[in-house]
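Below is one structure, written out as structure tokens; the observations come after it.
Please read these numbers as outputs of a predicted model, since none were measured by experiment. Just so you know, these numbers use all the heavy atoms, side chains as well, and skip hydrogens, waters and symmetry mates.
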Amino acid sequence: MSFDRKIKIAPSILSADFAAFGAECEAIEAQGADWVHVDVMDGHFVPNITFGPSTCAAIRKHIQGIMDVHLMIAPVDPYIDAFAQAGADVITAHLEAGPHIHRTLQAIRASGAKAGLALNPGTPAEAVGPLLDMVDLICVMTVNPGFGGQKFIHSQIDKVSQLRAMIGDRPVHIEIDGGVDPTTAPLVARAGADVLVAGSAVFKGGSVAAPEAYGANIRAIREAAEGVYA
């Protein structure tokens with residue numbers, strides 16, 4: 001997994017057809033998705049339940065590129081190896097999910113995956129400072145985690161700018177998760193984000209049988225974001 005700061009679109013399969021995950025992953029990649037984003041929720045850390053390592057393992061063979069696994073669970077550490085063995089290229093844990101995030105990030109890297117760190121809307125950018133040299137990705141939640149289809153929280157744009165300045169020349173991605181569409185994509189790209197997670201904005205109007213809408217949606221988000229990030 002090489003590093004670059006080009007805009008990457010990472011559709012969240014939380015908005016896909018749950019009965020056809022493999023075909024959905026193939027469809028979005030064929031239509032231009034750069035990464036596939038998998039939102040794992042436990043009904044404890046967030047008020048929703050989705051899927052676990054077995055689902056990741058099942059869809060891995062349908063994904064040619066990056067499988068980006070976002071763990072909205074607590075505790076995190078007991079499950080890291082299972083998600084790594086399921087084929088996750090990136091494993092992201094929430095700073096707020098436990099008392100020992102430093103150890104969690106160490107464990108993710110030890111598993112062979114890239115280490116991501118997610119921040120809830122109420123968590124300041126400054127909290128990342130001591131961890132910058134331990135992460136490969138920072139995920140800024142621009143909605144409160146737990147459900148798709150929520151409205152973008154505009155106050156998080158300043159956080160993205162702060163993080164971009166803190167990162168400097170480190171090879172660390174800034175990912176945005178929540179409310180990304182062609183209207184909000186240029187705002188976060190201008191602030192310094194390069195990985196844009198989008199669920200309903202990608203999957204709306206399409207299906208496995210009619211995936212062209214996925215491509216049009218991905219292109220619209222990408223075109224809105226590209227050209228504003230430097």
Donor-acceptor pair, [X] side chain versus [Y] backbone, under 3.5 Å?
X    : Y    : answer
D136 : A115 : yes
D34  : I9   : yes
R60  : G87  : yes
D89  : K114 : no

Review point. Stepwise, does the side-chain contact (heavy atoms from CB on, under 4.5 Å) test hold for V180 with V202?
Key: CA-CA 9 Å; V180 172; V202 165; over 6 Å; no

Point to revise | L117/T92 under side-chain contact (heavy atoms from CB on, under 4.5 Å): CA gap, chis, key distance, verdict | key: CA-CA 5 Å; L117 178 64; T92 296; 5.7 Å; no

Check your understanding: What residues form a side chain to side chain contact (heavy atoms under 4.5 Å, CB included) with E26, not counting sequence neighbours?
Key ->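 E26 satisfies side chain to side chain contact (heavy atoms under 4.5 Å, CB included) with H62 only.
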
Exercise for review: For H100, check side chain to side chain contact (heavy atoms under 4.5 Å, CB included) against everything at least two apart and list the hits.
Suggested key: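 If we apply the side chain to side chain contact (heavy atoms under 4.5 Å, CB included) test to H100, skipping adjacent residues, the hits are R103.
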
Review point. Where does the angle between the aromatic ring planes of H154 and F152 fall among parallel (under 30°), tilted (30 to 60°) and perpendicular (over 60°)?
Key: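 Perpendicular: the ring planes of H154 and F152 meet at over 60°.
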
Check your understanding: Relative to the ring of F3, is the ring of H173 parallel (under 30°), tilted (30 to 60°) or perpendicular (over 60°)?
Key ->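 Taking F3 first and then H173, their aromatic rings sit tilted (interplane angle of 30° to 60°).
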
**Study point:** I108-M134 co-clustered via ILVMFWY side chain contacts under 4.5 Å
**Key:**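 I108 and M134: one cluster.
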
Practice item. Compare every heavy atom of C139 with every heavy atom of H70, then report the nearest pair and how far apart it is. Key: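 Where H70 meets C139 most closely, the heavy atoms are CE1-SG, 4.4 Å.
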
Practice item. Begin from the C-alpha positions of F203 and D17 and carry the test side-chain contact (heavy atoms from CB on, under 4.5 Å) through to its verdict. Key: CA-CA 9 Å; F203 286 95; D17 179 357; over 6 Å; no

Check your understanding: If you count the non-hydrogen atoms of other residues, nucleotides and ligands that lie under 6.0 Å from CZ in F51, is the total more than 12?
Key ->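 Buried by this count: over 12 neighbours within 6.0 Å.
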
Practice item. Go through the steps to decide whether K8 and D194 satisfy the test side-chain contact (heavy atoms from CB on, under 4.5 Å), and finish with yes or no. Key: CA-CA 6 Å; K8 290 163 280 293; D194 62 293; 3.2 Å; yes

**Study point:** Student check: side-chain heavy atoms of I138 and L131 closer than 4.5 Å
**Key:**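 Of all side-chain heavy-atom pairs linking L131 with I138, none is under 4.5 Å.
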
Practice item. Show which residues join V197 in its hydrophobic cluster (side-chain heavy-atom contacts under 4.5 Å, direct or indirect), or state none. Key: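 Its cluster partners, ordered by chain and number, are none at all.
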
